[in-house]
Every structure is written in C-alpha cells, then in structure tokens.
Amino acid sequence: MGVTMAFDSINQAQYDVVRTTTSSLRKAAEYTHELRDMLADLFANEHAKDQWGVTFELNPHDTGAVIDTPYGAARAAPVNSVVNGKVQIRYVIEKAVATVEGASGYLCVWEVLVDEAGIVTSSDGETIFARLNTFEHTENRRGVGIIGLSLLYAIGAERSRQ
C-alpha cells in the first residue's frame with residue numbers, strides 16, 4: 001500500500017504570507033547579504049582575529065560562508081523559510097562533524113532569522129537588530145558583535161552524545 005497524506009487547507013492569513021514569496025525573499029536576501037558582509041568585516045578586524053581566532057570566508061555564489069574557528073570548521077547557509085507566520089531567511093550555522101563510523105557531515109548549531117524589513121531575530125523571537133539598514137553605527141556594531149560571538153559560542157559548545 002502507498003502512503004497517503006492528508007490535505008490540510010490553509011487559512012487566509014497563511015495564503016497572504018506566501019502570496020508575495022519572491023519579493024519577500026528577494027528583500028530578505030539583500031539584508032542577509034548585508035549581515036554576512038558585516039560578519040566578514042567583524043571577523044577581519046585585527047582584535048577579533050587575535051582574540052577569537054575566526055576566519056569567515058564569503059561564498060561568492062550566495063549569502064553563505066565558510067567559517068574556521070578554534071573549535072572546528074563550520075559553515076553559514078541561508079535557508080528560505082516561513083517562520084512564525086512570516087517569509088524569512090534562516091541564516092543557519094552548521095558545524096562540521098564526523099560520526100563514529102568516520103562519515104562527515106554538518107550539524108545545525110545555531111541560527112538567526114532575517115525578514116524582508118531587515119529585522120534580525122533569534123529563533124526564539126528575540127530582536128537582535130531592529131533594522132539592518134539603520135544608520136546607527138553603535139547599534140550595528142552591537143548587533144553584529146552579538147551575532148558573531150553567539151555563533152562562535154554555538155560552534156564551540158559541547159553537544160551531548162547519543
């Protein structure tokens with residue numbers, strides 16, 4: 001017998017969320033690109049290099065990046081999603097891991113969400129950047145610093161083994 005899937009109709013509010021998918025994702029991608037560039041600038045700073053030991057190499061094909069830290073290698077990858085009723089890009093940090101059998105792969109360790117208005121939030125809804133395109137230099141430095149140190153901590157944090 002084949003597998004059957006139930007058809008769950010969505011409501012009007014859900015229709016409205018995805019009606020403008022391409023324009024919403026295009027705007028969110030512009031802000032994600034800006035966030036990625038800000039992270040690259042943060043980690044290129046001499047103080048950050050000396051104190052944190054992170055390299056953040058930009059992927060020329062999308063808004064992703066290859067990350068090297070004292071805790072191991074990782075990558076940043078954009079994932080188009082509908083989260084909390086909004087079209088957003090999940091900027092996912094994945095740590096390079098190896099299984100007991102020796103196979104390699106990546107484990108998602110952290111993420112932030114970027115919406116079409118340039119608002120960056122944690123996955124639990126905490127606002128990190130009220131707006132990425134603000135002219136407030138202090139707010140930008142604080143927000144990118146929070147994200148940079150958070151992703152470094154997430155890459156370094158031990159995971160329980162199962």
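As the structure is a computational prediction, the values presented were derived from the model and not from experiment.
Taking hydrophobic clusters as Ile, Leu, Val, Met, Phe, Trp and Tyr residues chained together by side-chain heavy-atom distances below 4.5 Å, L39 shares a cluster with V120. In terms of hydrophobic clustering, with Ile, Leu, Val, Met, Phe, Trp and Tyr side chains grouped at heavy-atom distances under 4.5 Å, L149 and I147 are assigned to a common cluster. Criterion: ILVMFWY side-chain heavy atoms under 4.5 Å apart, direct or through other members. Under it, I93 and V79 are not part of a common hydrophobic cluster. Under the 4.5 Å side-chain heavy-atom criterion for Ile, Leu, Val, Met, Phe, Trp and Tyr, F43 and I146 are members of the same hydrophobic cluster.
Nearest heavy atoms, E94 versus A77: OE1-CB, 4.4 Å. Of all non-hydrogen atoms in K95 and A74, the two that sit nearest each other are CA-CB, 4.0 Å. Closest approach of R142 to I128, counting heavy atoms only: NH2-O, 4.2 Å. Residues V144 and L42 come closest through the heavy atom pair O-CD2, 3.5 Å. When all heavy atoms of I89 and P78 are compared, the pair lying nearest together is CG2-CB, 3.8 Å.
Between the T20 side chain and the S23 main chain, no donor and acceptor come within less than 3.5 Å of each other. In this structure, the side chain of R90 does not engage the main chain of V83 through any donor-acceptor pair within 3.5 Å.
Under the side-chain contact (heavy atoms from CB on, under 4.5 Å) criterion, A48 pairs with N45, W52, sequence neighbours left out. For Y71, the ring-ring contact (aromatic ring centres under 6.0 Å, His included) criterion is met by no residue, not counting sequence neighbours.
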Requested in this report: Report the C-alpha distance between S81 and Q88 in whole Å, list the side-chain angles of each, state the deciding distance to 0.1 Å, and finish with yes or no for side chain to side chain contact (heavy atoms under 4.5 Å, CB included).
Outcome: CA-CA 5 Å; S81 303; Q88 301 187 69; 5.7 Å; no
Report task. Apply side chain to side chain contact (heavy atoms under 4.5 Å, CB included) to the pair V54 and I67, showing each step before the final yes or no. Result -> CA-CA 7 Å; V54 175; I67 306 166; 4.0 Å; yes
**Report entry** Evaluation steps, side chain to side chain contact (heavy atoms under 4.5 Å, CB included), between T55 and T69
**Finding:** CA-CA 7 Å; T55 59; T69 77; over 6 Å; no
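Using modelled atom types, one finds a donor on one side chain and an acceptor on the other under 3.5 Å when comparing E116 with S24.
Looking at L35 and V112, their side chains come closer than 4.5 Å, going by heavy atoms from C-beta outward. Counting only heavy atoms from C-beta outward, the side chains of D115 and V87 never approach each other to under 4.5 Å. The closest side-chain heavy-atom distance from L58 to D37 is below 4.5 Å. Side-chain atoms of T32 and E34, non-hydrogen and from C-beta on, never get closer than 4.5 Å to each other.
Between the CG atom in L151 and the OH atom in Y91 there is a gap of 9.0 Å [rounded to 0.5 Å].
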Can you give the donor-acceptor pairs under 3.5 Å from side chains of residues 100-110 to other protein atoms, not counting sequence neighbours?
from, atom 1, to, atom 2, distance (Å)
E101, OE1, T99, OG1, 3.3

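Salt-bridge formation is detected for the pair K49/E46: a Lys NZ or Arg NE/NH1/NH2 atom is positioned less than 4.0 Å from an Asp or Glu carboxylate oxygen.
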